[in-house]
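See structure below.
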Amino acid sequence: MIAENLKTIRKELGERATLVCVSKFHPNEAIMEAYNAGERRFGENRPQEMLEKATTLPHDIEWHFIGNLQTNKVKIVVPYASIIHSMSNDRLVDEIEKQAAKNNKVQDVLIELHVAQEESKQGFSPQEAISLFTPEYIDSHPHIRICGVMGMATNTEDETVIHRDFQEIRDSFETLKKGAFANCDHFREISMGMSGDWRLAVEMGSTIVRIGSSIFGARQY
């Protein structure tokens, strides 16, 4: 089933965006089924769960941390994360810098933007991000490589609202790209779109889609 789901999604997605298989809450057996079907990028949102999977599953897996990250859990995530999608506040920036330095690595990250209507969502407002990430601020965090932005649309069936949210994320990316990141070739990723809205996200310029339930089925808690 998982292999068939992947085949269907890959056929439709093509080369338009990178697929991250959101494996949170799913067992190692499900991940290995996707792995054996050729997938190597998996997304987790709980530090301890990612740690357990990263230390027991094949070491060529690229782990994407996609969940809300608390500063006291950064030390668990940094040694194993290929990229952190959810750098959502300035305290987290400082802690990721600190832990990446301890691990002697440059940690790839995405700036999480909050454009959705739900207050529960994390992230910088677009204006906060544009104000904070100056060339001087970026240079003061040498163990962090900012590769782009991540955001989620409002949880609604209204495609007009989803379209508006994705447009705001895309516009924020473009503003940052023309500003502080003008000379950064690695600043090129827009991570937006999940199982329910990834097609629209890709149309709106997403370069990374995070798909879970359409691959693995319903969450297994």
Query raised in the report: Hey, is R164 close enough to E168 for a salt bridge, meaning N to O under 4.0 Å?
Result: no
**Report entry** Verdict with supporting geometry, R41 and E62, salt bridge (charged side-chain N to carboxylate O under 4.0 Å, His left out)
**Finding:** CA-CA 5 Å; R41 296 183 190 90; E62 188 179 295; 3.3 Å; yes
Query raised in the report: Can you find a heavy atom in the side chain of S88 that is under 4.5 Å from one in the side chain of L69?
Result: no
Report task. Anything under 30° is parallel, anything over 60° is perpendicular, the rest tilted; go ahead and classify W63 against F42. Result -> tilted
**Report entry** Between N104 and H143: side-chain donor-acceptor atoms closer than 3.5 Å
**Finding:** no
Report summary line: Nearest heavy-atom approach of E49 to S23 is OE2-O, 4.2 Å
Report summary line: Partner of S206 under side chain to side chain contact (heavy atoms under 4.5 Å, CB included), picked from E189, R199, M192, is M192
**Report entry** Cluster link W198 to V20, ILVMFWY, side chain under 4.5 Å
**Finding:** no
Report summary line: Closest heavy-atom pair, I144 versus V93, reported as atoms and distance to 0.1 Å, is CD1-O, 3.2 Å
Requested in this report: May I ask you to decide if the ring planes of F173 and F187 are parallel, tilted or perpendicular, using 30° and 60° as cut-offs?
Outcome: parallel
Requested in this report: Find out if a path of hydrophobic residues (ILVMFWY) with successive side-chain heavy-atom gaps under 4.5 Å connects L200 to M150.
Outcome: no
Query raised in the report: Is it the case that one hydrophobic cluster holds both L92 and V106, taking links as side-chain heavy atoms less than 4.5 Å apart, direct or via other members?
Result: no
Query raised in the report: Got a sec, which residues hit salt bridge (charged side-chain N to carboxylate O under 4.0 Å, His left out) with R188, two or more places apart in sequence or on another chain?
Result: none
Query raised in the report: Is there a donor-acceptor pair closer than 3.5 Å between any side-chain N or O of N5 and the backbone N or O of I215?
Result: yes
Query - Residue pair M204 / Q167: nearest heavy atoms and the distance that separates them - result: CE-OE1, 3.1 Å
Query raised in the report: Can you name the nearest heavy-atom pair linking A180 to P135, along with the distance?
Result: CB-CD, 3.8 Å
Query raised in the report: Hey, does the side chain of T18 reach the backbone of I208 with a donor-acceptor pair shorter than 3.5 angstrom?
Result: no
**Report entry** N/O donor-acceptor pair under 3.5 Å between H85 side chain and M87 backbone
**Finding:** no
**Report entry** Plane angle bin for H141 and Y137 - parallel if under 30°, tilted between 30 and 60°, otherwise perpendicular
**Finding:** tilted
Query raised in the report: Does K177 use its side chain to pair, donor to acceptor, with the backbone of C184 at less than 3.5 Å?
Result: yes
Report task. Give, for atom CD of Q107 and atom CD of E97, the distance between the pair rounded to the nearest 0.5 Å. Result -> 11.0 Å
**Report entry** D165 side chain vs T154 backbone, donor-acceptor pair below 3.5 Å
**Finding:** yes
Query raised in the report: Between the side chains of E112 and S86, is a donor N or O closer than 3.5 angstrom to an acceptor N or O?
Result: no
Query - Shared hydrophobic cluster for I66 and M194 (ILVMFWY, side-chain gaps under 4.5 Å) - result: no
Query raised in the report: Of all heavy-atom pairs between F216 and A30, which one has the smallest distance, and what is that distance?
Result: CE2-O, 3.5 Å
Report task. Group every Ile, Leu, Val, Met, Phe, Trp and Tyr by side-chain heavy-atom contacts under 4.5 Å, then state whether I96 and L113 land in the same group. Result -> yes
Report summary line: Rounded to the nearest 0.5 Å, the NE2 atom of H163 sits from the CG atom of D197 at a distance of 12.5 Å
Query raised in the report: Between D158 and T160, what is the shortest heavy-atom contact and its length?
Result: OD1-N, 2.9 Å
